[in-house]
Colleague: 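The structure that follows is given in the form of structure tokens.
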Amino acid sequence: MSTKGSWQGSDSDLAGSRDRYDPSAIEKKWQDRWESEGVYKTLDHVPGKENWFALVMFPYPSGDVHIGHWYGYSGADTHARFKRMQGYNVLHPMGFDSFGLPAENAAIASNIHPGTYTETNITNMRRQFRSMGGSYDWDRELATHEPEYYRWNQYLFLKMFEAGLAYQSRGFANWCESCQTTVANEQVLDGACERCATTIMRREMDQWFFKITQYADELLQMEDIDWPNRIKVMQNNWIGRSQGVDFQFDISDYGLSETVLTTFTTRIDTVYGVTFVVLAPEHPLVDQLTQPAQREAVSEYIAQAARTSEIERTSTEREKTGVPTGAYAINPLNDERVPILVGDYVLATYGTGAVMGVPAHDERDFVFAKKYDLEIRVVVAPDGWDGSDLKEAYIAPGTQINSAEFEGLSSKEGIEKIADKIEANDLGKRRITYRMRDWQFSRQRYWGTPIPIIHCEDCGAVSVPEADLPVELPKEAEFKPTGRSPLADNPDFINTICPDCGKPARRETDTMDTFVDSSWYHLRFASPLAAEVPFEQDAAKSWLPVRQYMGGAEHAVMHLLYARFFTKALRDLKLIDFGEPYSRLFNQGLLIKDHQKISKRSNPLAPDPLVERYGADTIRCYLMFLGPWDQGGDWSDDGLSGVTRWLNRVWDLCIRDTTGLPSKGDEVAERDLIRASHKTTRRAVQDLERFKFNTTISALMELSSEMNRQWEMGSVSSSTWSEMIDRMLLLTAPLAPHIAEELWERVGHSFSIHSQSLPEWDDDLAADEIITVVVQVNGKVRDRLQVAADVSEEQAFEAAFASDKVKVYTDSTEIVRRIYVPGKLVNLVVR
Ligand SMILES: [Zn+2]
Ligand SMILES: [Zn+2]
């Protein structure tokens with residue numbers, strides 16, 4: 001028995017019970033039993049059961065499972081348990097996303113090897129996940145830093161390399177001076193490193209890319225996946241497909257090899273309003289077009305732009321800047337000469353790296369023109385425009401004006417007709433362009449998957465032969481951040497021979513972005529022990545795609561986009577036969593405390609002492625009770641008491657001595673209770689399906705109150721009572737797995753409640769529309785009938801005559817009068 005916990009007796013009506021609910025006495029016991037009996041072990045096939053892959057985003061092994069983790073993981077576990085009890089063969093695995101920068105930074109800061117740091121953390125987190133009561137099949141655990149895992153990163157990379165889906169290229173990369181590594185576009189937040197908030201610089205270097213842009217159009221198709229709309233919208237925006245026109249300005253005056261300057265625009269209807277042209281600072285023609293008088297200003301400007309991140313450059317908040325080159329371009333549609341400027345809000349990677357400036361109809365251009373005093377000419381008129389100066393750019397559709405032969409057309413028609421004219425006169429072409437760039441995945445760091453490439457002077461970049469995989473990370477390394485991979489300082493690692501020609505060669509020293517690891521881990525979970533292949537075909541077929549993916553919305557673009565890309569690429573490599581990794585996605589909200597996100601850094605709320613004090617079930621249920629799971633919740637220690645009271649009530653209801661209950665209960669009381677329990681069942685099952693854990697718990701709380709009320713009235717039979725208890729426990733099991741298991745045993749059932757089916761409900765029994773009709777015989781109440789609210793007079797009399805309690809008075813008498821008050825009363829006068 002517990003000696004701590006004065007909280008337990010807070011409910012006065014429970015004070016009489018000596019056998020108190022003591023989580024510490026039961027939780028560990030059941031965790032051990034679940035494990036020793038393999039309750040959550042998952043077979044690939046179970047006859048008669050459909051497979052359900054319930055995947056939760058695996059954690060980074062940061063050291064502690066904080067309560068924010070619990071919020072995500074206990075909800076996911078509850079849903080997986082619910083699916084298991086619904087009759088599915090459920091796979092709910094756990095693993096660790098264990099490569100990455102934090103381990104390496106810890107190594108630099110405290111001189112602990114990243115491997116030691118990682119494995120110590122994993123051991124602790126595994127213990128903590130056990131204490132939460134997760135239904136994980138630990139036999140399937142995986143950790144991405146193990147060679148057994150990352151060799152398959154290398155294998156899949158080589159398949160993609162050989163298919164042209166991975167390539168090396170020199171170009172500008174996002175560089176974090178503090179992390180001393182490149183980061184992908186997706187990892188730059190507001191111009192700063194996502195990890196350390198240092199401003200990102202542009203640096204030219206050799207990098208490795210995955211050709212995600214090849215799948216841009218397919219990645220935009222999301223009709224067949226059941227994902228939150230906001231995630232779809234974010235992916236859509238990230239991919240950024242736009243339809244436009246490459247339009248050529250004449251620069252033949254300058255005697256360059258290029259006689260035209262090609263701009264890209266999505267608003268060719270505004271082409272008669274062009275008053276300047278802007279080039280990205282990296283545009284190849286900048287140097288040749290810059291006139292001597294402007295050379296110094298332009299060079300300075302370009303140097304400045306190189307120190308500014310792309311995100312910052314394109315931020316709508318930032319002031320638009322630019323500098324004239326001194327050169328002019330001619331708009332071939334109206335022969336006007338317009339100045340050519342360099343502006344960093346234009347990116348070399350978008351469109352052609354050159355845009356036409358139409359200040360009247362583009363917000364950025366409007367600001368830019370105001371600042372540099374350039375002409376603002378309206379060519380698409382708003383409805384009812386009086387010709388006065390615009391206060392801001394007019395970007396909506398309108399009527400073409402000042403547009404030569406296109407005058408008077410709608411701008412929608414203008415877009416097509418003007419593009420037709422441009423194509424007919426060889427002045428340009430319609431084109432589709434994307435904002436998304438190829439995924440730059442090479443990192444100059446140690447704690448990641450070595451890229452299995454050998455550089456040979458004669459043969460170039462050569463694949464490491466499959467038989468030589470994995471290319472293992474050497475154990476010894478210098479962890480000082482130097483701007484290049486620590487592997488580059490390890491001669492034993494670097495020096496090798498070319499697999500093609502046998503000459504001395506050098507290994508690639510960059511490692512892979514950790515997002516490569518998580519792009520296909522769901523496949524590995526299907527057959528985590530496979531030694532000869534990344535995943536077994538059979539297992540992949542039986543488990544994938546993932547039926548339900550659960551995790552935080554912060555992965556809207558990176559992980560979720562990369563995983564979709566990998567799936568499509570592996571499909572095209574004929575390694576799998578499906579194109580989407582996650583059929584259904586649910587994002588839980590954020591758990592906050594004192595208005596702050598709970599994280600290791602801000603306000604860690606260690607679960608261990610909480611579990612010790614309140615028990616895992618209480619914490620789980622409290623987290624699920626805080627609010628709708630997708631909207632997050634606000635943790636407060638005070639809030640725990642409601643859930644504590646409820647679980648104590650459940651305990652108390654289940655351990656009551658039922659020997660004194662009647663064998664036959666009062667019909668009205670029984671019907672009331674049965675209705676309540678069927679209603680609760682329906683609500684719980686429907687709400688659990690939709691992750692509405694909070695309303696499920698409310699419904700169960702109401703049921704427990706109703707049960708207690710009926711108990712106190714003493715009018716329920718022992719058989720109905722025990723049916724109610726079973727129902728309540730089965731519905732509680734996914735949420736509070738330990739107490740449900742303990743009480744399941746105590747009320748006389750065999751292990752395990754988690755292998756049981758959910759109770760079913762009967763809509764008729766659950767129907768609210770049941771009313772009570774009083775039956776009087778000669779003015780005295782003899783029965784109360786539960787009937788449908790829309791009962792007819794005839795049915796009401798039939799029901800009355802069928803009642804045993806009424807029969808006693810009517811069987812041997814003559815009925816002289818029948819009175820029916822609709823929905824209320826049957827009155828029989830007998831003689
Ligand atoms: Zn950084
Ligand atoms: Zn060679």
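Order of appearance sets the numbers: ligands from 1, and atoms from 1 within every ligand. We're numbering straight along the sequence, starting at 1.
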Colleague: Keeping waters out of it, list the protein N, O or S atoms under 2.8 Å from the Zn ion (ligand 2).
Modeller: Cys456 SG, Cys459 SG, Cys498 SG, Cys501 SG
Colleague: Can you find a side-chain donor-acceptor pair between Asp517 and Asn153 that sits under 3.5 Å?
Modeller: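 Note: Asp517 and Asn153 side chains meet the donor-acceptor criterion.
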Colleague: Any chance the side chains of Asp513 and Trp439 put a donor and an acceptor closer than 3.5 Å?
Modeller: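 There is such a pair between these side chains.
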Colleague: Look at the aromatic rings of Phe209 and Tyr167 and report parallel, tilted or perpendicular, splitting at 30° and 60°.
Modeller: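 The arrangement is parallel - the two ring planes meet at less than 30°.
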Colleague: Flag this pair as yes if the NZ/CZ of Arg202 is under 6.0 angstrom from the six-membered ring centre of Trp175 and inside a 45 degree cone about the axis; otherwise no.
Modeller: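 Cation-pi check for Arg202 and Trp175: fails.
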Colleague: Verify, without hydrogens or angle tests, whether His92 (side chain) and Val56 (backbone) share a donor-acceptor contact under 3.5 angstrom.
Modeller: no
Colleague: Looking at Glu580 and Arg571, is there a salt bridge between them, counting it only when a charged N and a carboxylate O are closer than 4.0 Å?
Modeller: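 No salt bridge links Arg571 with Glu580.
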Colleague: Return yes if a side-chain donor-acceptor contact under 3.5 Å exists between Ser178 and Gln180, otherwise no.
Modeller: no
Colleague: Do Lys593 and Asp634 meet the salt-bridge criterion of a basic N to acidic O distance under 4.0 Å?
Modeller: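 Not counted as a salt bridge, because no side-chain N and carboxylate O are separated by less than 4.0 Å.
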Colleague: Can the ring centroids of Trp70 and Tyr73 be said to lie less than 6.0 angstrom from one another?
Modeller: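 No, they do not, as the ring centres are separated by 6.0 Å or more.
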Colleague: With 2.8 Å as the threshold, which protein atoms of type N, O or S lie near the Zn ion (ligand 1)? Leave waters out.
Modeller: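 You should have found Cys176 SG, Cys179 SG, Cys193 SG, Cys196 SG.
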